[in-house]
Engineer: 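Quick one: the structure is below, and I'll ask about it shortly.
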Amino acid sequence: MDVEFQHISKNFGSVKALTDVSLTARSGTIHGLIGENGAGKSTLMKILTGYQSKSSGSILLDGVEVQLNNPGQASEFGIGMLYQEPMDFPPLTVLENFSLGTPHQSRQELHFALKTLSIRFGFDLNPDRPVELLTVGERQQIELLRLIHCSIKVLVLDEPTTGISPAQKEALFPALKQLAADGMTILLVSHKLEEVANLCSEVTVLRHGKLTHHTTAPFHFPKLLTAMFGFVPKRSDRSDTRDTGPPILIFKDIEASGERQGLHRCNLTIAEGEVIGLAGLDGAGQSTFLRLAAGLISPDQGKVILFSDPLPYGAKASIRAQELHTAFIPADRLEESLFARISLRDHFSLREEHGMFWQSRTETRKRAEEAIATFSIKGTPEDLAEDLSGGNQQRLLLSLLNRNSRLILLENPTRGLDIQSGQWIWQHLRDELSPDTTIIFSSPELDEILHYCDRIIVFHDGLIVLDSAVPETSHDAIAAVMTGIRESAP
Amino acid sequence: MKKLILDILLGSLLVFSFTYIVLLIAGAPVLDAFKHIWLGAFASSIKISQVLSVWVPLTLCSCGLLFTFRANLWNIGIEGQVTMGAIGAMAVLRTPVIDNPTLILCLAFLTSMLCGGAWGLFAGLLKTRGGVHEIFGGLGLNFVSQGFILWLIFGPWKRPGIASMSGTELLNRKLWLASLPGWRVATAGIVIAIAILILTWLFLEKSRLGLKLKAIGQNPKAALLYAISPERYYLQSILIAGSCAGIAGFIQTTGVYHRLIPSISSGYGYLALLLVMLSGYKIVLIPILAFFFASLNVGAIQLPIVLQLDSALSGVIQGCCVLCALFILGIRQRRAQP
């Protein structure tokens, strides 16, 4: 089914999210939609799936104008969307989730349908497993199979490779190509150019809510980047390796539970000033590691020694870690580190450590304004945290970091950010902070780790499988151990 | 603004038509019933002062609940906290050693705060230390306090010779909170309620405590990353709520009943829960809503007397009001969503 957007505009109050966007996605193709954060990609897709109304313009399906006022109507026209965060029911089993919204069928029939589809796309799903035990990638697979089973004709994918493992990515891409070959119309929202180049036959670029570029394969990357950012962002050269000082973080015989595999037999020493990247598949132990260091979870056995001070067990650990100038920024900003409905200014008030009993509005307002200027946050002191875009939320979190922090723990610091915001964040972390600040971060992007860190620690199934200085290892060696291949025979 | 006025009109219309139907079903002369509710609440200065004497504990409990609701705690135990405040006050008032009535009253006031607060803290500790949800902990403690007050009234504090549901012996007149001539409401009660309203506003809107409670209420996980311990502030908010409820218990004892009766809390704690939710947790609406419910409460007492209607009817009418208001609020919320 051909999908045609004609002169779509969308205003949120005085903000123009989309201005006169027209594009056509043809049946049997994968159409890429790229742009930096806040360019209007998601808004356009939400209009197609009926979650948001358009201010003007029209949508045509196979040449016929349609009204898509709510998600129900959109799905009746055969439009389905795969979200960045899976929209499923975690306590239900795989089969139960699969059966939702599908035409009424018996258990056997559903079972059979799930099995056939899994085989066809090479997914390995146990129908009776509760979805909450699965990884994001597996949950995405169920959702995809469910949509196919509902015989959708238009599939929208929003950043489908965020949070899934490389292996799952390898299963997903051929599946998408196969679906397109079968005649489905696929719209792929992404800011990973390589993926787009790999999958799409046509690409549309949005910038500040306007269409800036449209092209068909083969793609010329510099042109796409110019259309996305206005200019080509430079990748600065690999940063210099820093000098390191005395040990500040020691993991001693740690056994801990968390994520899928927990963390086992973990012994590690980290020195002052190191920049360490944690690599591994989704849920291999990196997040557990970071949370142990931040005192948010306590080990079942063993000790975490922070600045020669063993962390206490239980709820006090996190407060103690912060007293020792350790800061943690989790990946899920609105869920775990910001207050959605509290203003920027009040975030600064909350951050004050030894404040007065009363709030000093002028003081915190001044601090918020300074931070907005220094960190180029797009917002005002009175804006609510939830109104900021992902990149601006991350900038806000950085601006809230205590200047005296000696250890900064970051979980996927550039998650959901465009290249420019990501580079900005790293420039700040490496250059603005004192060089004896220790930085430990996890990231699913191997490039990011190799580019910014001095030492890499690789996790697999809750074990540390590689711990090496970056110059002494290679991309391929890391990728191999990440996926569970032990030291290859000489 | 136009929509707000329209909503209020629509809400009032709903309330009236709903109560109309209820009264009709109960076989009551509808217009007469409305008239008697009105007269019952506002016909004379005595009636108005009765309304005010209900307004005081309602306002106090609501103020306390604003703190716990802000931290996203359901302080169902507020009833028990009122009761324990009353018991604490009575314990001091029964002490014969001190001669100065003002001093005794002040001591009783402080003790009631302490007892109500401690009872709240108890529910809080059950939550933070024992993992008991505050709704269950609070409900359980309500039963305990009810048992305790009954035991006191029928046991150690019974009237000489007879133990009865009508309560303990009346207090010495010197220990009654004074009211203005011709008014049946303790002046001190009104002053205290207004003072607590102002303090609550100051604490919630201007202090860092208020901001921290808001943060914890929204996202306790994130609060931890700001070195704010949710447990600590859960306890603080429920301590404050309990203290406010305790003060309500003190005023019920010394300003309204002048003795301890089994139902000293009169369900005002539960009513305050509804009231605070209705207000949308906005303090400016609390005194107004409290006045509305207080007048309904007092006015409806007339129904069984004058029209021989069942006394449960006033509760039914209050319930209707709450449901209609929640309905309108729900519609507003739906409309606000894009």
Side-chain angles (χ1 to χ4, degrees), chain A residues 10 12-13 17 43 46 51-53 291 294-297 314-330 332-343 345-361 364 384-386 397 400-402 409 411, chain B residues 3 66-67 69-73 124-132 198-237 239-240 280-283 332-338:
Chain A
K10 171 75 183 174
F12 293 104
T43 310
K46 280 183 184 154
Y51 273 96
Q52 255 161 17
S53 60
R291 281 175 173 73
L296 288 171
I297 52 178
K316 290 191 193 89
S318 158
I319 308 270
R320 180 79 193 122
Q322 288 175 65
E323 283 167 5
L324 295 167
H325 301 296
T326 298
F328 173 55
I329 299 186
D332 211 331
R333 298 169 200 125
L334 276 186
E335 283 288 311
E336 289 185 58
S337 51
L338 289 173
F339 306 99
R341 302 202 51 76
I342 286 184
S343 70
R345 192 197 61 207
D346 285 344
H347 275 84
F348 286 91
S349 185
L350 286 166
R351 176 48 93 201
E352 265 173 51
E353 270 158 37
H354 307 288
M356 310 276 287
F357 180 78
W358 303 107
Q359 301 175 36
S360 55
R361 306 229 162 194
T364 47
L384 301 179
E386 66 179 0
L397 279 170
L400 285 165
L401 271 185
N402 190 331
L409 306 160
E411 186 182 32
Chain B
K3 271 195 171 153
L66 280 175
F67 285 90
F69 270 124
R70 184 162 276 213
N72 207 6
L73 284 183
L125 284 170
L126 277 174
K127 179 191 173 77
T128 55
R129 295 291 153 86
V132 182
I198 295 170
L199 278 176
T200 304
W201 176 76
L202 274 175
F203 273 40
L204 288 180
E205 300 306 322
K206 299 288 168 195
S207 81
R208 288 172 24 101
L209 171 73
L211 183 59
K212 284 179 182 177
L213 290 178
K214 192 169 164 188
I216 285 165
Q218 282 191 19
N219 195 344
K221 250 186 186 172
L224 207 54
L225 295 178
Y226 292 71
I228 300 167
S229 149
E231 269 87 25
R232 198 173 134 200
Y233 287 94
Y234 284 151
L235 294 181
Q236 286 192 11
S237 69
L239 178 71
I240 295 173
Y281 315 105
K282 289 191 184 64
I283 190 162
R332 281 179 71 89
Q333 227 158 39
R334 273 186 80 107
R335 214 168 33 202
Q337 276 161 12

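Lettering of chains follows the sequences in order, A, B, ..., and the numbering in each one begins at 1.
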Engineer: State the CH2-CG distance between A:Trp358 and B:Leu211, to the nearest 0.5 angstrom.
Structural biologist: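 Reported to 0.5 Å precision, the distance equals 13.0 Å.
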
Engineer: With a 4.5 angstrom heavy-atom cut-off, which part of A:Glu335 approaches chain B: side chain, backbone, both or neither?
Structural biologist: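 Only the backbone of A:Glu335 comes within 4.5 Å of chain B.
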
Engineer: What pairs with A:Ser318 under side-chain hydrogen bond (donor to acceptor under 3.5 Å, both in side chains), at least two apart in sequence or on another chain?
Structural biologist: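 With sequence neighbours excluded, A:Ser318 shows a side-chain hydrogen bond (donor to acceptor under 3.5 Å, both in side chains) to A:Gln322, given in chain and number order.
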
Engineer: What are the two closest non-hydrogen atoms of A:Arg341 and B:Lys214, and how far apart are they?
Structural biologist: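 A:Arg341 and B:Lys214 have their closest heavy atoms at O-CE, 4.3 Å.
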
Engineer: Need one label for A:Leu397: side chain, backbone, both or neither, based on atoms under 4.5 Å from any heavy atom in chain B.
Structural biologist: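 Side chain of A:Leu397 only, per the 4.5 Å heavy-atom cut-off to chain B.
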
Engineer: As an exercise, state the distance from CG of B:Leu225 to CG of A:Leu350, rounded to the nearest 0.5 Å.
Structural biologist: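 B:Leu225 CG to A:Leu350 CG: 12.0 Å, rounded to 0.5 Å.
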
Engineer: Nearest 0.5 angstrom please: A:Ile342 CD1 to B:Gln218 CD, how far?
Structural biologist: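 Going from CD1 on A:Ile342 over to CD on B:Gln218, the span is 4.0 Å.
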
Engineer: Who are the side-chain hydrogen bond (donor to acceptor under 3.5 Å, both in side chains) partners of A:Glu336, not counting sequence neighbours?
Structural biologist: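 side-chain hydrogen bond (donor to acceptor under 3.5 Å, both in side chains) list for A:Glu336, sorted by chain: A:Arg291.
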
Engineer: Please flag which part of A:Arg361 lies under 4.5 Å from any non-hydrogen atom of chain B: side chain, backbone, both or neither.
Structural biologist: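 The answer is the side chain of A:Arg361.
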
Engineer: Using non-hydrogen atoms only, which part of A:Leu400 is less than 4.5 Å away from chain B: side chain, backbone, both, or neither?
Structural biologist: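 Answer is side chain: those atoms of A:Leu400 sit under 4.5 Å from chain B.
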
Engineer: Counting only non-hydrogen atoms closer than 4.5 Å, does A:Ile319 touch chain B with its backbone (N, CA, C, O), its side chain (CB onward), both, or neither?
Structural biologist: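 When you check distances to chain B, only side chain atoms of A:Ile319 fall under 4.5 Å.
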
Engineer: How long is the gap from OG on A:Ser360 to CZ on B:Arg208, to the nearest 0.5 Å?
Structural biologist: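 A:Ser360 OG to B:Arg208 CZ: 8.0 Å, rounded to 0.5 Å.
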
Engineer: Check whether any side-chain N or O of B:Tyr226 sits under 3.5 Å from a backbone N or O of A:Ser337 as a donor-acceptor pair, and report yes or no.
Structural biologist: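 Indeed, once roles are kept as given, a pair shorter than 3.5 Å links the two residues.
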
